Trainee: 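Below you will find the structure I want to go over with you.
These numbers come from a predicted model, not from an experiment. So that the names make sense, note that chain A is the first sequence line, chain B the second, and so on, each numbered from 1. Only this structure's heavy atoms are used, side chains among them; waters, hydrogens and symmetry mates stay out.
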Number of protein chains: 2
Amino acid sequence: MKYSNATNYALHTMVYLIWLPKASTVGVQDLAEFQKLSPTYLSKILTKLTKAGLIESTPGAKGGYKISKSPKEISFLDVIIAIEGESNLFNCSIHHNEGCLIEKVMRESEDNMKEELSNRLLIDIVEKMELQKQAKESN
Amino acid sequence: MKYSNATNYALHTMVYLIWLPKASTVGVQDLAEFQKLSPTYLSKILTKLTKAGLIESTPGAKGGYKISKSPKEISFLDVIIAIEGESNLFNCSIHHNEGCLIEKVMRESEDNMKEELSNRLLIDIVEKMELQKQAKESN
DNA sequence: TTATTAGAGACAACAAGAATCTTTAATATC
DNA sequence: GATATTAAAGATTCTTGTTGTCTCTAATAA
Ligand code: SF4
Ligand code: SF4
């Protein structure tokens, strides 16, 4: 059990887009080159992010992607769900039993992780990165 | 991303073994029938649990499996690691960066889940199940 | 010695993920 | 309106890991 690579790529892309100057769009070509990925493959990941409302896309010349304005507060969980879907990690094999204690523990532990992931915003770590960068430059 | 079915089977088996009267062994045949599984397949799962030290196996006539005496306190996490291994959910694709903030968040959230899973003991839910059963019978 | 049971190995079936190629649709610019 | 540019969708292949079966070997109680 592990996250798909697509989730990894999506997180990197989102951080990059947030780090970018606002209102500037960037094409899938650049994003792919930045991560050493095939543009068509990354395109599918970006489409998922778009459908989840995390980024906006405009086709045509001078088009590309940019961060969706409305959610200035995009959490890690938002990105993960956009890629992995929102199904549970643990699902009962055969006879689903209402109020089962095994399931309860598994779900609760998963919720713990999701809780943490929903509280962590991408913008926070981007800001930290910029601080680190500034500190380095002032050396 | 989801738990493998093997983890599900392993959890059911462990709960069943703990629920069983102590020191009584049960063969893979019975355990497989109980879960509607092929014995040979379940056998592999049981071998993993044995190697992890969670259960003991004795071959030969009147042999079978029983819960390992020493750890009366087997956590959910123990079972999960025995099956899924102990690799991280999130691992960096290409250029691993020391002190990366993305990785940090992902690891911390995962640790949250594992923390919860390590605090939950199988024996606890077996005891709860027995209480539920008694309550039902006294009706 | 024999019946019984776990364990190991090879192997097939299947599903999901990763990745590429091709075609289509939308849009800014001229 | 024509054209260049760019996202989106579809089909398809490749790879990987899981699931499951079959067969053979090793250990052990009776
Ligand atoms: S986890 Fe509980 S509800 Fe799910 S299959 Fe097992 S016993 Fe049934
Ligand atoms: S998560 Fe961080 S350390 Fe890992 S590949 Fe991405 S940037 Fe590098």
Trainee: Indicate the atoms forming the closest heavy-atom contact of L54(A) with A82(A), along with that distance.
Mentor: CD1-CB, 4.1 Å
Trainee: Quick check: closest heavy atoms across L17(A) and Y65(A), and the distance to 0.1 Å?
Mentor: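 Nearest pair, atom of L17(A) first, then Y65(A): CD2-O, 4.2 Å.
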Trainee: Take the C1' atoms of the five end pairs on each side of the helix from dT1(C)-dA30(D) to dC30(C)-dG1(D), get both axes, and report the angle to 10 degrees.
Mentor: 20°
Trainee: Using 30° and 60° as the class limits, which term best fits the ring planes of F34(B) and Y16(B): parallel, tilted or perpendicular?
Mentor: parallel
Trainee: For G63(B) and E84(B), take the nucleotide of DNA chain D holding the closest heavy atom to each; which residue's nucleotide lies nearer the 5' end?
Mentor: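 With G63(B) and E84(B) compared, the 5'-side residue is E84(B).
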Trainee: Which is it for M106(B) and L11(A) under the side-chain contact (heavy atoms from CB on, under 4.5 Å) test, yes or no, and what are the steps along the way?
Mentor: CA-CA 10 Å; M106(B) 298 301 282; L11(A) 284 171; 4.0 Å; yes
Trainee: Looking at residues 40-48 of chain A, who's got a heavy atom less than 4.0 Å off DNA chain C?
Mentor: T40(A), Y41(A), K44(A)
Trainee: Can any side-chain N or O of E84(B) pair as donor or acceptor with the backbone N or O of S4(B) at less than 3.5 Å?
Mentor: yes
Trainee: Without decimals, in angstroms, what is the distance between Y65(B) OH and dA27(D) P?
Mentor: 15 Å
Trainee: Considering every strand and a 4.0 Å limit on heavy-atom distances, what is the contact class for K51(B): base, sugar-phosphate, or nothing?
Mentor: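 If one applies the 4.0 Å heavy-atom cut-off, K51(B) turns out to touch the sugar-phosphate alone, with no base involved.
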Trainee: Do any N or O atoms from the side chain of R107(B) and from the backbone of F90(B) form a donor-acceptor pair under 3.5 angstrom?
Mentor: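 Flag set: sc R107(B) to bb F90(B) pair under 3.5 Å.
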Trainee: What is the distance, to the nearest angstrom, from the CD1 atom on I83(B) to the C1' atom on dG17(D)?
Mentor: 15 Å
Trainee: How many Å lie between CG on D30(B) and C1' on dA6(C), as a whole number?
Mentor: 14 Å
Trainee: Pick one: which of I55(B), V79(B), L49(B), L121(B) meets side chain to side chain contact (heavy atoms under 4.5 Å, CB included) with I74(B)?
Mentor: V79(B)
Trainee: By nearest atom, which of the nucleotides dG17(C), dT5(D), dA29(D) is closest to the A61(A) side chain?
Mentor: dT5(D)
Trainee: When you get a sec, tell me which of dA18(C), dA7(D), dA29(D) is the closest nucleotide to the side chain of K62(B)?
Mentor: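 Comparing dA18(C), dA7(D), dA29(D) against the side chain of K62(B), the answer is dA29(D).
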Trainee: Round to a whole Å and report the spacing from NZ of K2(A) to C1' of dT18(D).
Mentor: 14 Å
Trainee: Side chain of Y9(B): nearest nucleotide among dA6(C), dT19(D), dG20(D)?
Mentor: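 Nearest nucleotide to the side chain: dG20(D).
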Trainee: Any idea which of dT6(D), dA18(C), dT18(D) is nearest the P59(A) side chain?
Mentor: dT6(D)
Trainee: Could you check whether any side-chain N or O of S43(B) sits under 3.5 Å from a backbone N or O of P39(B), counting only pairs where one atom can act as donor and the other as acceptor?
Mentor: no
Trainee: Output all residues satisfying side chain to side chain contact (heavy atoms under 4.5 Å, CB included) with N112(A), sequence neighbours left out; order by chain, then residue number.
Mentor: E116(B)
Trainee: What integer distance in Å separates N8(B):CG from dT18(D):C1'?
Mentor: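 In whole Å, dT18(D) C1' and N8(B) CG are 14 Å from each other.
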